[in-house]
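A short write-up of the structure that comes next.
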Amino acid sequence: MTSVVIVGGQWGDEGKGKIVDYYASKADTVIRYSGGNNAGHTVVTGKRIFKFHLMPSGAVAGKRVLIGNGVVIDPEVLLGEIEMLQSMGLNPDLGISERAHIILPLHKLSDSAEEKIKGKWKAGTTKRGIGPCYSDKAARFGIRVIDLLNEEVLKEKLDMLFVLKERQITKVFNEPFEITKEEIFKKYTEHAEKLKKYVTDVSVEANSTIDKHKHVLFEGAQGTMLDLDHGLYPFGTSSNVTSGAACTGTGVSPKKIDEIVGVVKAYTSRVGEGPVPTELLDETGEQIRKKGMEFGTTTGRPRRVGWLDMVTVNYACRVNGLTGLAITKLDILGGLNKIKICTAYNYKGKMITEQPADVNVYAHCKPIYEEVPGWKDMSIEEWIALAKKGYDALPKEIKSYTARISEISKTPVYLISVGQDRDATINLKDLFG
Ligand code: IMP
């Protein structure tokens, strides 16, 4: 096996950062393929905690890390992450696609203004300018990394974009517009100077790495339910995050993908607006949120939490073609007497097992649960000690919980995670063997 795609199987925040970091230790190259700094990854190694928004997780493991054309880059954020790593003595071996699009302050202004106009249809975005940047990309107003390196082109494109954005923000959205073109030009040419040494043709490099039978990991951002096409529109993000995006977002053919791993958290969490059928608004929800530290890495917002929803997971298996699952945060459910798994929805008396496209139908879906026994609570050290002993040492209730997930989703479990630490991992399939 040479190339593996990692995708979020739910609403993002499934613990992908840790899983990618884990697999990255065995890969040669890690490539981010979609999203931007709306994503947040926390990587814990020993006593060090790293929080990234753009940098592929493999950077900590000292791997070659690439940012593909499907990603939208806020240069200030990326430079901040590069400097943070450098200050810790780690020099990222980074390559950035010439074709990736650049987020400008104008996009952030539009993001906030657009959300206000949308009223009840707002997604509760991270306000990082992600949607407007992808909109400009699709409308062919966008500025790409390659444009950033050419002052003449950057100037021309900024002129064009400014006319549009100034009118839009002041006349359509009725919002103040206090940025000048000159300010942005100055700032972005400085960013370009610092970033130019990283700019590369990611498609050429990714393909040649795969052709040499090296191990390539495609790092997804967000989760299936946030996908622009397959997620809960319009409450998701503005890019494709599902496995197909690993190809379009890097310039690698689907023929070259060997495995697609879906990261699934042992329960549900969601940041932002829109219905979540299994949401827990009670004490149990509060307990899981606190114990699981379910607060956004990017915005710090408390995440909404609920029981595991297998309608979502089954959907993720289908639209991504998942070949295996990585089940995370099982330790967080420790101490609960009974745990619920949603296996279908009841919509006005009718049983639904497929993800509805209509958000109004989804809003009225009531979860149909099966109840399984919980497992005991343990300290971080106990979980790590258990993980080191391997699968057989796990409490029988965890084994049957993960086996049930596998059975319902008809997808094998490749990895079980019982804590943030890299050692709190049980690997059941050697992907880069
Ligand atoms: P945007 O991507 O900032 O435009 O936000 C659109 C929706 O996606 C909002 O509901 C966000 O909360 C959600 N979202 C975006 N990125 C992430 C992520 O990495 N994890 C979880 N939710 C996210």
Side-chain angles (χ1 to χ4, degrees), residues 6-20 32-43 51-57 70-74 77 81 101 103-104 106-138 219-242 245 249 262-265 267-276 279 289 292-306 312 316 328-329 359 362:
I6 309 276
V7 294
Q10 292 147 309
W11 295 90
D13 310 312
E14 300 93 349
K16 286 185 303 298
K18 173 195 155 162
I19 304 303
V20 174
R32 258 289 299 262
Y33 59 82
S34 71
N37 59 311
N38 46 351
H41 300 254
T42 307
V43 177
K51 286 192 190 292
F52 297 119
H53 298 286
L54 268 171
M55 185 69 70
S57 302
V71 176
V72 287
I73 300 175
D74 186 327
V77 173
E81 293 183 0
H101 281 245
I103 296 178
L104 298 162
L106 307 171
H107 293 130
K108 288 181 229 172
L109 285 180
S110 300
D111 201 344
S112 301
E114 286 174 10
E115 282 275 279
K116 276 192 208 163
I117 284 219
K118 284 179 179 167
K120 75 166 194 174
W121 291 103
K122 73 174 194 279
T125 74
T126 57
K127 308 239 170 34
R128 301 297 192 264
I130 307 295
C133 185
Y134 278 118
S135 303
D136 281 349
K137 172 180 175 176
E219 173 182 359
Q222 287 88 39
T224 301
M225 291 304 291
L226 298 174
D227 184 274
L228 181 59
D229 286 88
H230 303 290
L232 190 68
Y233 192 87
F235 297 111
T237 190
S238 298
S239 61
N240 286 115
V241 309
T242 40
V263 184
V264 170
K265 184 147 67 179
Y267 50 93
T268 297
S269 78
R270 162 43 162 164
V271 197
E273 309 294 322
V276 179
E279 184 167 11
R289 177 167 32 252
M293 291 185 285
E294 296 295 350
F295 298 89
T297 322
T298 303
T299 57
R301 287 179 287 180
R303 294 178 188 142
R304 300 156 67 192
V305 301
T312 305
T328 63
K329 297 188 94 163
V359 71
Y362 195 52

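Both ligands and their constituent atoms are indexed starting at 1 by order of listing.
Looking only at protein heavy atoms, the nearest one to atom 21 (C) of ligand 1 is Asp13 OD2, 3.0 Å. Protein heavy atom in closest approach to atom 23 (C) of ligand 1: Leu226 CD1, 3.4 Å. The closest protein non-hydrogen atom to atom 17 (C) of ligand 1 is Gln222 CG, 3.5 Å. The protein non-hydrogen atom at the shortest distance from atom 10 (O) of ligand 1 is Ala123 O, 2.8 Å. In terms of protein heavy-atom proximity, atom 19 (O) of ligand 1 is nearest to Ala39 CA, 3.3 Å. Among all protein heavy atoms, the one lying closest to atom 9 (C) of ligand 1 is Gly124 O, 3.3 Å. Given atom 7 (C) of ligand 1, the protein heavy atom at minimum distance is Gly236 O, 3.4 Å. Shortest contact from atom 5 (O) of ligand 1 to any protein heavy atom: Thr125 CA, 3.3 Å.
One N or O on the side chain of Glu115 and one on the backbone of Ala123 form a donor-acceptor pair closer than 3.5 Å. In this structure, the side chain of Tyr134 engages the main chain of Gly35 through a donor-acceptor pair within 3.5 Å. Glu279 contributes no side-chain N or O that, together with a main-chain N or O of Thr268, makes up a donor-acceptor pair within less than 3.5 Å. Under the 3.5 Å distance criterion, the side-chain polar atoms of Arg304 are matched with a main-chain donor or acceptor of Gly272.
Of all the atoms in ligand 1, the ones that sit under 4.0 Å from a non-hydrogen atom of Trp11 are 21 (C), 22 (N).
Using a 4.5 Å heavy-atom cutoff, the side chains of Arg289 and Phe295 are in contact. Looking at Thr224 and Thr312, their side chains never come closer than 4.5 Å, going by heavy atoms from C-beta outward. Between Val241 and Leu228, every side-chain heavy-atom pair lies at or beyond the 4.5 Å cut-off.
For the 3.5 Å distance criterion, the side chains of Asp136 and His101 fail to qualify, holding no donor opposite an acceptor. With hydrogens and angles left out, the side-chain atoms of Asp13 and Ser269 include no donor and acceptor closer than 3.5 Å.
When the heavy-atom distances from atom 1 (P) of ligand 1 to Val271, Thr237, Val241 are ranked, the shortest goes to Thr237.
Looking at Glu114 against ligand 1, nothing comes within 4.0 Å, counting heavy atoms. When non-hydrogen atoms are compared, ligand 1 lies under 4.0 Å from neither the backbone nor the side chain of Arg128.
Between Thr126 and ligand 1, a contact under 3.5 Å exists for at least one N or O pair. In terms of polar-atom proximity, defined here as any N/O pair under 3.5 Å, Glu273 makes no such contact with ligand 1. Between Asn38 and ligand 1, an N or O atom pair is found at a separation short of 3.5 Å.
Within the 4.0 Å heavy-atom shell around ligand 1 one finds Arg301.
Lys329 and Glu294 are joined by a salt bridge, as a carboxylate oxygen and a charged side-chain nitrogen come within less than 4.0 angstrom of each other.
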